[in-house]
Amino acid sequence: MEYTQLGRTGLKVSRLVLGTMNFGPQTDEADSHTIMDAALGAGVNFFDTANVYGWGADKGRTEEIVGSWFAKGGGRRDKTVLATKVYANMAPDKDAVWPNHDKLSALNIRRAVDASLKRLGTDYIDLYQFHHVDRDTPWEEIWQAIDVLVQQGKILYAGSSNHAGWHIARANETAARRGSYGLVSEQCLYNLAERRAEMEVIPAAESYGLGVIPWSPLHGGLLGGAIRKEREGGAARSVSGRSADSLANSAIRAQIQSYEDLLAKHGLEPGEVALAWLLTRPGVTGPIVGPRTADQLASALRAVELKLSDELLASLDEIFPGPGPSPEAFAW
C-alpha cells in the first residue's frame, strides 16, 4: 500500500479509503468485519463512514458495525484513521425531525459527535467531516464548536464534503481569523465521467491545503464495466440506478463503450483503471471504495499498483475530456 499526507497535515493515510456505506444495508456485520480486516491487512488505514449510514430506521447502524469491529481489539482502532460525518438528521422518519437535531449548529455538532463516539466505541474521531453545506449557520459558530471538540480531544481534524470552492475559501479564511486550523480535506464527487470538481473545488482545495477524497469513483458502477456486465447478465446494480439512467442516454452509452473497448484492447479492468486514474490527479489523497464483498476489495487494491501510461492517460482524456484549467475553462 502507498501512503500520503492528508492535505497539509502530518497525518499519513493510505491512497485508498475504505468506504463503509454498504455495511449494514447491503453487507451484514460478519462480512463487514471480514472486509475491514482484509483492508487493514492490506495496509488500508483510512476508513470513512457517516452518522447517517444505515439509512431510514437503521441510521447509525454502520457506525455501530465499525464500533463492534474496533471492540475486537488487536490494535484495530489504533491502526485506523477514522473519518465520520455530521449534518443529516438522525430521526428514522423525516416527519419526526425535531428543531436543532440536524445541520451544523454548535448544539447539533455537540450532540452528534457524542452520539457517534458512543456508536463507534471510541473516545476520539480522527477526521470529523461536514456532510453538506449548512446555509443557515455561520462559519464562526461552526469553528467555535469544532475548536471546543479539539480541545476536549474528541476530534483531531475537520473536513468538508460536497462543498463548493467558495465554501472552502470562506471556511478557511474564517478559521484563519480565529486562529483555528480549518478544513484539511474535501470529499467530493469526482471521477472520469464527472470532472466538474476540476473547475473550482479542486483548485480551492489545493490552494488551502486540503486533501481531496473523491466519492463514487466508479460513478455508481458506470465506470466498472457496466456495458460488459449488462451484456453478460451481471449484478443488478450494474444495470440499475445511476448506471441504467446514464446508459439510456445514447451519447453516454457510446462514451462508455469507447472506454470499455479501449481498456479491453490493453487487457485492463475498467473499475481498476477508473481508480488508478484518480490516483494520478493533482490534489487527490485517495478515492473512497465501497466494497460489498471481499472480491470487490481485492479488485480495488490492485488499482494502487496499476501504472497508467501517458498514452493511455491521453486516450482517457479524449473519451472523458475535463473542463480544462481554471479559470480559463469558463472565463475565455
Legend entry - salt bridge (charged side-chain N to carboxylate O under 4.0 Å, His left out) assessment of Arg8 paired with Glu206: CA-CA 9 Å; Arg8 66 186 184 280; Glu206 287 190 278; over 6 Å; no
Inset, instruction - Kindly determine whether Gln129 and Ser161 satisfy side-chain hydrogen bond (donor to acceptor under 3.5 Å, both in side chains), including the steps that lead there. - result: CA-CA 7 Å; Gln129 302 163 111; Ser161 180; over 6 Å; no
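There is no side-chain donor-acceptor pair under 3.5 Å between Asp147 and Gln151. In summary, the side chains of Asn22 and Thr27 do not present any donor paired with an acceptor at a separation below 3.5 Å, with no hydrogens or angles considered. Residues Thr80 and Asn45 have side chains that never bring a donor and an acceptor to within less than 3.5 angstrom of each other. For the residue pair Ser68/His33, the side-chain donor-acceptor check at 3.5 Å is satisfied.
Using the six-membered ring where Trp is involved, Tyr87 and His132 have ring planes that are tilted, between 30° and 60° apart. Using a 30° and 60° split on the angle between ring planes, Phe320 and Tyr259 fall in the perpendicular class, above 60°. Ring-plane geometry between His131 and Tyr53 is classed as perpendicular, the angle between the planes exceeding 60 degrees on a 0 to 90 degree scale with a lower cut at 30.
In this structure, CG in Leu247 is found 9.0 Å from CG in Asn249, a value given to the nearest 0.5 Å. Here the OG1 atom belonging to Thr137 is positioned 6.0 Å from the CG atom belonging to Leu104, to the nearest 0.5 angstrom.
Annotation: side chain of Asn100 is not in contact with side chain of Asn108 (no heavy-atom distance under 4.5 Å). Counting heavy atoms from C-beta outward, Tyr3 and Arg15 have side chains that stay 4.5 Å or more apart. Inter-residue side-chain proximity for Pro214 and Ile288 is flagged as unmet; no heavy-atom pair is nearer than 4.5 Å. Using a 4.5 Å heavy-atom cutoff, the side chains of Glu63 and Lys118 are not in contact. Here the side chains of Leu312 and Leu263 are in contact, with some heavy-atom distance below 4.5 Å. Taking 4.5 Å as the limit, every side-chain heavy atom of Asp48 sits out of range of all side-chain heavy atoms of Ile213. Thr62 has its side chain out of reach of Met21: every pair of non-hydrogen atoms, C-beta onward, lies at least 4.5 Å apart. Looking at Val13 and Leu127, their side chains never come closer than 4.5 Å, going by heavy atoms from C-beta outward.
Clustering ILVMFWY residues whenever any of their side-chain heavy atoms sit less than 4.5 angstrom apart, transitively, puts Val81 in a cluster other than the one holding Leu18. In the hydrophobic clustering of this structure, Phe46 does not group with Val304; members are Ile, Leu, Val, Met, Phe, Trp, Tyr whose side-chain heavy atoms approach within less than 4.5 Å, directly or through other members. Under the 4.5 Å side-chain heavy-atom criterion for grouping Ile, Leu, Val, Met, Phe, Trp and Tyr, Leu40 is connected to Phe70 within one hydrophobic cluster.
Checked for salt-bridge contact, Arg196 and Glu198 miss the test: no charged N lies under 4.0 Å from a carboxylate O. Salt-bridge annotation for Asp123 and Arg77: absent, with no side-chain N of the basic residue lying under 4.0 Å from a carboxylate O of the acidic one. For Lys307 and Glu2, the salt-bridge test passes: some basic side-chain N is under 4.0 Å from an acidic carboxylate O. A salt bridge links Asp37 with Arg76; the closest basic N to acidic carboxylate O contact falls under 4.0 Å. Look at Glu64 and Arg61 and you find a salt bridge, because one of the NZ, NE, NH1 or NH2 atoms lies within 4.0 Å of a carboxylate O, short of that distance.
Note: Tyr190 and Trp277 meet the aromatic proximity criterion, with ring centroids under 6.0 Å apart. Between Tyr181 and Trp143, the ring centre distance reaches or exceeds 6.0 Å.
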Which pairs would a plain distance check flag for residues 321-332, meaning a side-chain donor or acceptor within less than 3.5 Å of a matching protein atom at least two apart in sequence or in another chain?
from: Ser326; atom 1: OG; to: Met199; atom 2: O; distance (Å): 2.6

Output a table of donor-acceptor pairs, distance under 3.5 Å, between side-chain atoms of residues 264-273 and any protein atom two or more places apart or on a different chain; print 'none' if there are none.
from: Glu269; atom 1: OE1; to: Arg228; atom 2: NH2; distance (Å): 3.0
from: Glu272; atom 1: OE2; to: Ser299; atom 2: OG; distance (Å): 3.1
from: Glu272; atom 1: OE2; to: Arg302; atom 2: NE; distance (Å): 3.0
from: Glu272; atom 1: OE2; to: Arg302; atom 2: NH2; distance (Å): 3.0

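Just one residue in the list Lys103, Arg110, Arg111 forms a side chain to side chain contact (heavy atoms under 4.5 Å, CB included) with Leu107, and that residue is Arg111.
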